[in-house]
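To keep things clear, I will list the structure first and then write my remarks on it.
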Amino acid sequence: MPELPEVETVVSDLRPQLAGRRFETVSLLLPRLVRYPEPAAFVAGLMGARVETVSRRGKYILAPLAGSAKRFVVHLGMTGHLRVWGRDEPLARHTHLRITLDDGRELRYDDQRQFGRFLLGAEDELRTARVFPRLGPEPIGDSLTEGDFQALIRRRRRPVKSALLDQSFLAGLGNIYSDEACFAAGLRPTRMTHRLAVRERQALFGAIGAVLRASIAHRGSSVASYVDAFGVAGRNQETLQVYGRGGRPCLRCGTPLKRLRLAGRTTVYCPQCQR
DNA sequence: ACCTACCTGGCC
DNA sequence: GGCCAGGTAGGT
């Protein structure tokens with residue numbers, strides 16, 4: 001489900017529901033999803049903890065715990081959902097974690113493919129244990145300037161799309177928004193980063209920001225199973241230009257979109273609009 | 001910088 | 001049955 005815009009939507013939905021809430025009981029139904037610490041310590045560490053707020057770094061959801069340096073971290077993988085439910089609502093099919101809250105409701109994690117993961121620990125601790133990776137800069141917000149991006153991408157020597165998918169280069173893009181950003185920038189995903197002209201790098205930087213901000217405004221892309229923290233689908237899938245449209249006509253010029261395999265992922269682009 | 005594995009499930 | 005799917009990690 002989740003790239004930056006989807007995670008951002010979930011985080012902004014969860015924040016008012018979880019900030020200040022206390023975790024009462026924790027039921028871990030699929031211990032394999034806990035990467036750190038041991039499942040028993042993970043459960044013990046969450047019980048009784050109070051959530052300060054909910055935020056995001058790349059595709060990771062961060063919930064710092066009050067009066068402690070520790071944070072509860074969730075990655076949604078491909079099909080994860082983190083949602084607050086009424087205690088009596090029936091469980092979703094693949095529910096793997098249940099945490100009762102002090103307001104009578106329940107935080108639940110469900111994940112059909114089980115690619116998500118949970119962490120609990122201080123920032124340094126998680127990095128030292130190598131369970132939280134070094135992430136590149138956030139592509140939106142004020143932290144990354146166009147100049148920074150220019151310098152960053154010029155140093156790489158790889159296809160543009162592989163760079164965009166690499167979380168240690170830029171944090172938050174996945175298969176949908178990498179393809180959409182390349183289209184919006186008029187660049188073929190196969191172009192090599194170190195061969196881009198200054199204006200092409202500029203266009204790419206602008207395209208990444210525009211594509212992500214538009215999707216956040218639409219509350220994310222619900223291509224398959226993604227729904228927000230209230231169970232509601234996003235609308236951005238209606239505006240996607242290339243993702244999932246291989247073989248169909250380009251919405252801008254009518255040329256059939258090409259599909260190929262790049263960096264292990266299905267990639268779609270317009271041979272006419274993208275050079 | 002690539003491949004493959006990790007899972008379940010939908011579609012052909 | 002085989003292939004595909006928004007994710008990353010671990011080993012070439």
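Naming: A, B, ... by sequence-line order, numbering from 1 per chain.
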Nearest nucleotide by nearest heavy atom, which residue falls closer to the 5' end of DNA chain C, A:Arg261 or A:Val131? A:Arg261

When you measure from the side-chain N and O atoms of A:Arg32 to the phosphate of B:dC7, is any distance below 4.0 Å, counting only OP1 and OP2? yes

Polar pair under 3.5 Å, donor/acceptor by atom type, side chain A:Arg157, base B:dA1: no

Using heavy-atom distances to pick each residue's nearest nucleotide on DNA chain C, tell me which of A:Thr266 and A:Gln167 is more 5'. A:Thr266

Which of C:dA9, C:dG7, B:dC7 is nearest the side chain of A:Arg113? It is B:dC7

Using purine N1 to pyrimidine N3 plus N6-O4 or O6-N4 for Watson-Crick, or N1-O2 and O6-N3 for G-U wobble, both under 3.5 Å, which nucleotide pairs with C:dG10? B:dC3

More than 12 heavy atoms of other residues, nucleotides or ligands under 6.0 Å from CZ of A:Arg87: yes or no? yes

Scan A:Gln112 against the nucleic acid and name what it touches under 4.0 Å (heavy atoms): base, sugar-phosphate only, or nothing. base

Under the 6.0 Å and 45° cation-pi test, does A:Arg83 pair with A:Trp85? yes

Checking side-chain polar atoms at under 3.5 Å, does A:Tyr109 have a donor or acceptor matched by the opposite partner on A:Asp111? yes

Between A:Arg156 and B:dA1, is there a contact of a side-chain N or O with OP1 or OP2 at under 4.0 Å? no

Considering only atom P, compute the distance from C:dG11 to B:dC7 and round it to an integer number of Å. 16 Å

Can you tell me if A:Ser215 uses its side chain to pair, donor with acceptor, with the backbone of A:Val211 under 3.5 Å? no

Under 5.5 Å between ring centres and under 30° between planes: true for A:Phe115 and the base of C:dT8? no

When you measure from the side chain of A:Pro2, which nucleotide among C:dA9, C:dG7, B:dT8 comes out closest? C:dG7

With the side chain defined as heavy atoms from C-beta on, A:Tyr60 is closest, among C:dA5, C:dA9, C:dG7, to C:dA9

So, OP1 or OP2 of C:dG7: does either fall under 4.0 Å of a side-chain N or O from A:Arg265? yes

Tell me whether the side-chain N/O atoms of A:Thr79 come closer than 4.0 Å to OP1 or OP2 in C:dA5. no

Taking 4.0 Å as the cut-off, does a side-chain nitrogen or oxygen of A:His94 come that near to OP1 or OP2 on B:dG9? yes

Considering all heavy atoms of both residues, which atom of A:Cys270 and which atom of A:Cys253 are nearest to each other, and what is their separation? SG-SG, 3.7 Å

